[in-house]
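Below you'll find the structure, written out as structure tokens, and then a few comments.
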Amino acid sequence: DTEVTQTPKHLVMGMTNKKSLKCEQHMGHRAMYWYKQKAKKPPELMFVYSYEKLSINESVPSRFSPECPNSSLLNLHLHALQPEDSALYLCASSQGVAGVNNEQFFGPGTRLTVL
Amino acid sequence: DAKTTQPNSMESNEEEPVHLPCNHSTISGTDYIHWYRQLPSQGPEYVIHGLTSNVNNRMASLAIAEDRKSSTLILHRATLRDAAVYYCIPHFGNEKLTFGTGTRLTIIP
């Protein structure tokens, strides 16, 4: 199984809602990532988890709260988002956290719309 | 992070070879050159990576200049499925992939 799955595929939420994005992989990878991609722009790294511990936070606002409950799961909790947070949220995983052969495997993304 | 320069867009005819260039003149001696692509409505996918020598895999070939300041991704026989945005990313073994603006490749049937 070389797949990263993300749910839901689409999400529409109001600015006062609380929602969560979910990412799952069963490749035994120990690093997991959240990226944000605005339309017609490249993906931008948000968070990195290494061995279930947060290792990189790219100065992301606190209305985005990541969680890694186990080595296969990665969540992104959303609260009090702004319309400008509307984007495609991509999850990725890789075998390890360092080393040049750490190909990242990406999921299909969750397309988020904030009203 | 090393800065990369890629053409914004390229077109190629189906079943012909495609050469996608990337300039990375500020690359450090330890950075590998990674290529990812993003098909429409999908997440990025790894294509290939190399350090100094030319590299081949089932998807593509990577030709790296002797001074390592540029590289070329070669798709030997483009198909419609190869239409995507291609990203060239100098990268050394840490968690961070920094995507540039990439090249949008259009395949003409």
Side-chain angles (χ1 to χ4, degrees), chain A residues 2-7 9-10 21 23 25 27 29-51 53-59 66 68 74 87-111, chain B residues 1-9 22 24 27-53 55 57-60 62 64 68 71 84-106:
Chain A
T2 58
E3 194 178 19
V4 175
T5 59
Q6 290 188 245
T7 53
K9 285 188 172 21
H10 301 275
L21 310 184
C23 172
Q25 57 87 15
M27 294 178 276
H29 289 173
R30 303 314 301 266
M32 296 186 77
Y33 312 77
W34 281 114
Y35 289 82
K36 174 182 178 178
Q37 186 173 25
K38 301 282 279 183
K40 306 288 188 191
K41 297 291 186 184
E44 294 180 346
L45 183 67
M46 300 174 73
F47 302 104
V48 179
Y49 271 83
S50 167
Y51 290 85
K53 287 187 168 38
L54 184 65
S55 62
I56 293 180
N57 176 341
E58 291 286 276
S59 303
C68 190
L74 185 66
L88 181 69
Y89 288 84
L90 293 159
C91 174
S93 69
S94 64
Q95 189 169 25
V97 297
V100 297
N101 292 315
N102 279 326
E103 168 190 348
Q104 290 190 19
F105 291 77
F106 284 81
T110 293
R111 188 160 300 282
Chain B
D1 292 339
K3 182 175 167 51
T4 59
T5 304
Q6 297 180 254
N8 287 333
S9 62
C22 180
H24 31 75
I27 194 169
S28 77
T30 54
D31 280 346
Y32 280 65
I33 298 136
H34 292 242
W35 284 79
Y36 280 73
R37 72 179 185 181
Q38 188 170 18
L39 279 65
S41 303
Q42 295 189 27
E45 65 175 346
Y46 166 83
V47 178
I48 200 166
H49 76 276
L51 182 63
T52 56
S53 316
V55 184
N57 66 19
R58 63 175 178 80
M59 288 180 72
L62 177 60
I64 301 170
R68 293 192 2 101
S71 61
V85 179
Y86 286 79
Y87 297 100
C88 157
I89 308 173
H91 179 62
F92 177 67
N94 57 36
E95 303 94 331
K96 292 182 65 169
L97 277 182
T98 303
F99 288 80
T101 53
T103 296
R104 183 172 299 277
L105 176 65
T106 301

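This one's a predicted model, so the numbers in the text were calculated from it and none came from an experiment. Note on naming: letters A, B, ... go to the chains in the order of the sequence lines (proteins, then strands), and numbering restarts at 1 for each one.
By the neighbour-count criterion of 12 heavy atoms within 6.0 Å, atom CD of A/Glu44 is sparsely surrounded, having that number or fewer from other residues, nucleotides or ligands.
Considering all non-hydrogen atoms of both residues, A/Pro66 and A/Leu54 come closest at CG-CD1, 4.3 Å. When every heavy atom of B/Ala60 is checked against every heavy atom of B/Ile48, the shortest pair comes out as O-CD1, 3.4 Å.
Looking at A/Gln6, there are no atoms closer than 4.5 Å to chain B (heavy atoms on both sides), in backbone or side chain.
Contact count versus chain A (heavy atoms, under 4.5 Å) is highest, among B/Arg104, B/Gln38, B/Gln42, for B/Gln38. Among B/Ser41, B/Gly100, B/Gly102, the residue making the largest number of heavy-atom pairs under 4.5 Å with chain A is B/Gly100.
Under the 3.5 Å distance criterion, with hydrogens and angles disregarded, a donor-acceptor pair is assigned to the side chains of A/Ser94 and A/Tyr33.
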